[in-house]
Amino acid sequence: MTENEIYDGIVRKDNRTFLWLYRQNEGRILNLVQNNNGNEDDARDIFQEGLVALWTNISKGKFDMNGQAKISTYLFTLCRNLWISKLRKNKKMFSLDDNPGAEIADEVNEMEEQYEKIKSLENHFAKLGEACQQLLSLFYYKKASLKEIAEQMGITDKTAKNNKYRCMQQLKELFEPSK
């Protein structure tokens, strides 16, 4: 689905759009929470809260397609902020002890740094050509094999391997200077 189709589907309250968004973003959000002191239940709760917030913000006109991030990036940010808020609340619950919240604060800071790196990488990724974006998305996000990618893109296995290398080199060149 294109960004406009997703946006229009949300405005129309289309269930197929909701299911598509859910399937496309669930793993990413589950990883975010589970890799940052959350369990699967926490992750699912945060993801559902984030989807509701996304749906509400678009319905109320708080998210405009012009000049803002992709919808999936916006959803990730919503979920990330919800999780950080939950971690901060947990930190306050433990603040009666000596300083157990320091670990949580460090983790929140680390999450924020990771998010900034991801955001930067996404911005640089968007500068790649469409073919590179497709190939790298299939390989790293969809976990498709080079053989599957070659079949889907109508190229040979060797070309898929070479193109993956070249696309990664291009991405590294875009990303490295901004370290």
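Residue numbers count from 1 along this sequence.
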Exercise for the section: Start with the C-alpha gap between Phe76 and Asn25, add the side-chain angles, then the distance that decides, and say whether side chain to side chain contact (heavy atoms under 4.5 Å, CB included) holds. Expected result: CA-CA 8 Å; Phe76 182 86; Asn25 294 282; over 6 Å; no
Handout entry: Nearest-0.5 Å distance that lies between atom CD in Gln48 and atom CG in Leu82
Key = 12.0 Å
Practice task
For atom CZ of Arg12, decide whether the heavy atoms of other residues, nucleotides or ligands shown that lie under 6.0 angstrom number more than 12.
Solution key: yes
Problem - Asn81 CG to Arg88 CZ distance, which is reported to the nearest 0.5 Å - result: 8.5 Å
Problem - Interatomic distance, Cys132 atom SG to Lys127 atom NZ [nearest 0.5 angstrom] - result: 15.0 Å
Exercise for the section: May I ask whether Phe18 and Leu30 are part of the same hydrophobic cluster, defined by side-chain heavy atoms of I, L, V, M, F, W, Y residues being less than 4.5 angstrom apart, directly or through others? Expected result: no
Fill in the blank from the handout: One should read off an interatomic distance between Ile29 CD1 and Leu75 CG, to the nearest 0.5 angstrom, of 5.0 Å
Problem - Single-linkage hydrophobic cluster Val11~Tyr74, side-chain heavy atoms < 4.5 angstrom - result: yes
Exercise for the section: Please check if Tyr140 and Leu135 belong to a single hydrophobic cluster, counting links between Ile, Leu, Val, Met, Phe, Trp and Tyr side chain heavy atoms closer than 4.5 Å. Expected result: yes
Exercise for the section: Flag the pair Leu21 / Leu54 as yes when at least one side-chain heavy-atom distance between them is below 4.5 Å, and no otherwise. Expected result: yes
Practice task
Check the surroundings of atom CG in Asn39: do more than 12 heavy atoms from other residues, nucleotides or ligands lie under 6.0 Å from it?
Solution key: yes
Handout entry: Atom NZ of Lys164: over 12 foreign heavy atoms under 6.0 Å
Key = yes
Practice task
Answer yes or no: is there a side-chain heavy-atom contact under 4.5 Å between Leu32 and Ile46?
Solution key: no
Exercise for the section: Could you check if a side-chain atom of Thr17 sits within less than 4.5 angstrom of a side-chain atom of Ile10, using non-hydrogen atoms only? Expected result: yes
Practice task
Kindly compute the distance separating CG (Leu136) from CG (Asn163), expressed to the nearest 0.5 Å.
Solution key: 9.5 Å
Practice task
Answer whether the closest heavy-atom distance between the side chains of Leu138 and Gln134 falls below 4.5 Å.
Solution key: yes
Handout entry: Side-chain heavy-atom pair Phe139, Glu148 within 4.5 angstrom cut-off
Key = no
Exercise for the section: Determine whether Leu87 and Trp83 make a side-chain contact, defined as any pair of heavy atoms from C-beta on separated by less than 4.5 Å. Expected result: yes
Practice task
Quick one: closest heavy-atom pair of Cys79 and Gly50, and the distance?
Solution key: SG-CA, 3.7 Å
Completion exercise
The reported gap from CD1 in Ile155 to NZ in Lys161 (rounded to nearest 0.5 angstrom) is 13.5 Å
Handout entry: Arg166 side chain reached by Gln169 side chain, heavy atoms, under 4.5 Å
Key = no
Exercise for the section: Spell out, yes or no, whether Tyr22 and Ile58 are grouped together once hydrophobic residues are joined by side-chain heavy atoms under 4.5 Å, including indirect joins. Expected result: yes
Exercise for the section: Please tell me if the side chains of Val33 and Phe47 come closer than 4.5 Å, counting only heavy atoms from C-beta onward. Expected result: no
Handout entry: Pairs touching residues 30-55 that satisfy salt bridge (charged side-chain N to carboxylate O under 4.0 Å, His left out), sequence neighbours left out
Key = Glu26-Arg44, Glu40-Arg44, Asp42-Lys86
Problem - Sidechain-backbone polar pair: Glu3 side chain, Lys70 backbone, donor-acceptor under 3.5 Å - result: no
Handout entry: Heavy-atom pair with the smallest gap, counting every atom of Ala131 and Met153
Key = O-CE, 3.7 Å
